[in-house]
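Here the structure is laid out as structure tokens; the discussion comes afterwards.
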Amino acid sequence: MPELPEVETVVRGLRKQLPGRTIVSVHLEKTDFIDDPRAVGEMAPGRRIVAVERLGKFIRIPLEPGGSGNRSEAPANLIVHLGMTGRLAVRPPQEPVLPHTHAFFHLDDGSELRYTDIRRFGQMMLLPEEGLAALCEKLGADPLDISADEFCRRLGTRKARIKALLLDQGVLRGVGNIYADESLWRARIHPARIGARLSKAELLHLRTALQRILRKAIDQRGSSISSFLDAEGKPGGYQKWHQAYQRTGHPCPRCGTTIRRAIFAGRSSHFCPRCQPAPRGVRRRAARKRKR
DNA sequence: AGCTCTTCCTGAAAGC
DNA sequence: TGCTTTCAGGAAGAGC
């Protein structure tokens, strides 16, 4: 599932191919994941791609104003969220089309930008500058840039569980289940702890762990779980480094205790019950549950 | 404010 | 063997 490192990997790949290209035409198959399919189909053709950027887990492809005349004067941004199974890649037109490919952007050099998404949990939209500003406002800080002070303020003052806070895109943009679990394991913090009850040292440790893990994962071109492939169709390598995520029943690499799985904030969470001691209240409930 | 549950969707894997 | 059920999860919305 694409999270910050996977999206960053895709963005870096697309950045080598897309800027400077002009969208010649658009072909859409299934459109239920697109906000306004007609707008995408009509506004994108004739416009030149300026850049490729990452906004949390969103991919932003700004398009130059102008294009083929008529109503396409205002700047627009093609925004793509990969959801669970989304893939965005530039392919030669003769390359066989993968099943579940729903959007084709024909480019002026003959290649195609293709969007493939088995489960269609992804999103696609064409946003004017105001819409983009509104989206950015909803998103929290980028975890790679956030200062220690802001991290403590955003997470250390909230009464929600730390796992929920890490996953909340309005708090931090880009963290998903894999990197939430991995950073909590590394910082030795139980996922059910309340943000406001974490010590300053724990918060600082968590920020450092999260940043190191995200940077390393980007170096490894992301984690390939449930068939994530980058813009060039290559798998990432960070899944080899997972210490807790999806390692239920395996020994904790630090202390040997069996990694456990439980649902917190509606998400399956993987943690070491010894390294990451549970807060009061959770301990009793966890005792009578034993899955997998 | 923040929790849980449900919905969207498909394919893999487990269960019978 | 082959069918049915369960699960996975990002995000949004409902209801508590």
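In what follows, chains carry the letters A, B, and so on, assigned in the order in which the sequence lines appear, proteins first and then strands, with residues in each chain numbered from 1. Computed from heavy atoms alone, side chains included, the values below leave out hydrogens, waters and symmetry copies.
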Verify whether the ring centers belonging to A/H102 and A/Y115 lie closer than 6.0 Å.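 That pair fails the under 6.0 Å test.
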Please confirm whether the shortest side-chain N or O distance from [X] to OP1 or OP2 of [N] is below 4.0 Å.
X: A/R119; N: C/dA8; answer: no
X: A/Y245; N: C/dG9; answer: yes
X: A/K163; N: B/dG2; answer: no
X: A/K57; N: C/dA11; answer: yes
X: A/H81; N: C/dA11; answer: yes
X: A/Q169; N: C/dA11; answer: yes
X: A/R261; N: C/dA8; answer: yes
X: A/T85; N: C/dG9; answer: no

Is a donor-acceptor pair below 3.5 Å formed from side chain A/R158 to base B/dA1, judging by atom type as modelled?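 By the distance-only test, no, there is no pair.
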Distance-only donor-acceptor test, A/R267 side-chain atoms vs C/dG10 base atoms, 3.5 Å: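 Such a pair exists between side chain and base.
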Is the shortest side-chain heavy-atom distance between A/R173 and A/F58 below 4.5 Å?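 Not in contact.
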Can you check whether A/F121 stacks with the C/dA11 base, using ring centres under 5.5 Å and planes within 30°?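 No; centroid distance or tilt outside limits.
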Nearest to the side chain of A/R161, which nucleotide is it out of B/dT4, C/dG9, B/dT10?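 Closest of the options to the side chain of A/R161: B/dT4.
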Closest approach to the side chain of A/K30, judged atom by atom: which nucleotide of B/dT10, C/dG10, B/dG2 is it?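 Looking only at heavy atoms from C-beta outward on A/K30, the closest nucleotide is B/dT10.
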With sequence neighbours left out, write down each residue that passes ring-ring contact (aromatic ring centres under 6.0 Å, His included) with A/H106, or none if nothing qualifies.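 Partners of A/H106 under the ring-ring contact (aromatic ring centres under 6.0 Å, His included) test: none.
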Below 4.0 angstrom, N of the basic side chain to O of the carboxylate: do A/R114 and A/E95 qualify?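 Salt bridge: no.
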Sub-4.0 Å heavy-atom contacts from residues 124-136 of chain A onto DNA chain C, ordered by number: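 Nucleic-acid contacts, sorted: none.
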Validation: residues 132-142 of chain A side-chain donor-acceptor distances under 3.5 Å, sequence neighbours left out:
residue	atom	partner	partner atom	Å
A/D142	OD1	A/L144	N	2.9
A/D142	OD2	A/R54	NH1	3.2
A/D142	OD2	A/R54	NH2	3.0

side-chain hydrogen bond (donor to acceptor under 3.5 Å, both in side chains) partner of A/N177, the single match among A/R267, A/E182, A/K163, A/E3: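 In the set A/R267, A/E182, A/K163, A/E3, the residue that makes a side-chain hydrogen bond (donor to acceptor under 3.5 Å, both in side chains) with A/N177 is A/K163.
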Once you apply a heavy-atom cut-off of 4.0 Å, does A/D117 come out as touching a base, just sugar-phosphate, or nothing?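 It contacts nothing in the nucleic acid.
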Nucleotide B/dT10, atom C1' - distance to NE2 of A/H100 in whole Å: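 Interatomic distance, NE2 of A/H100 to C1' of B/dT10: 7 Å.
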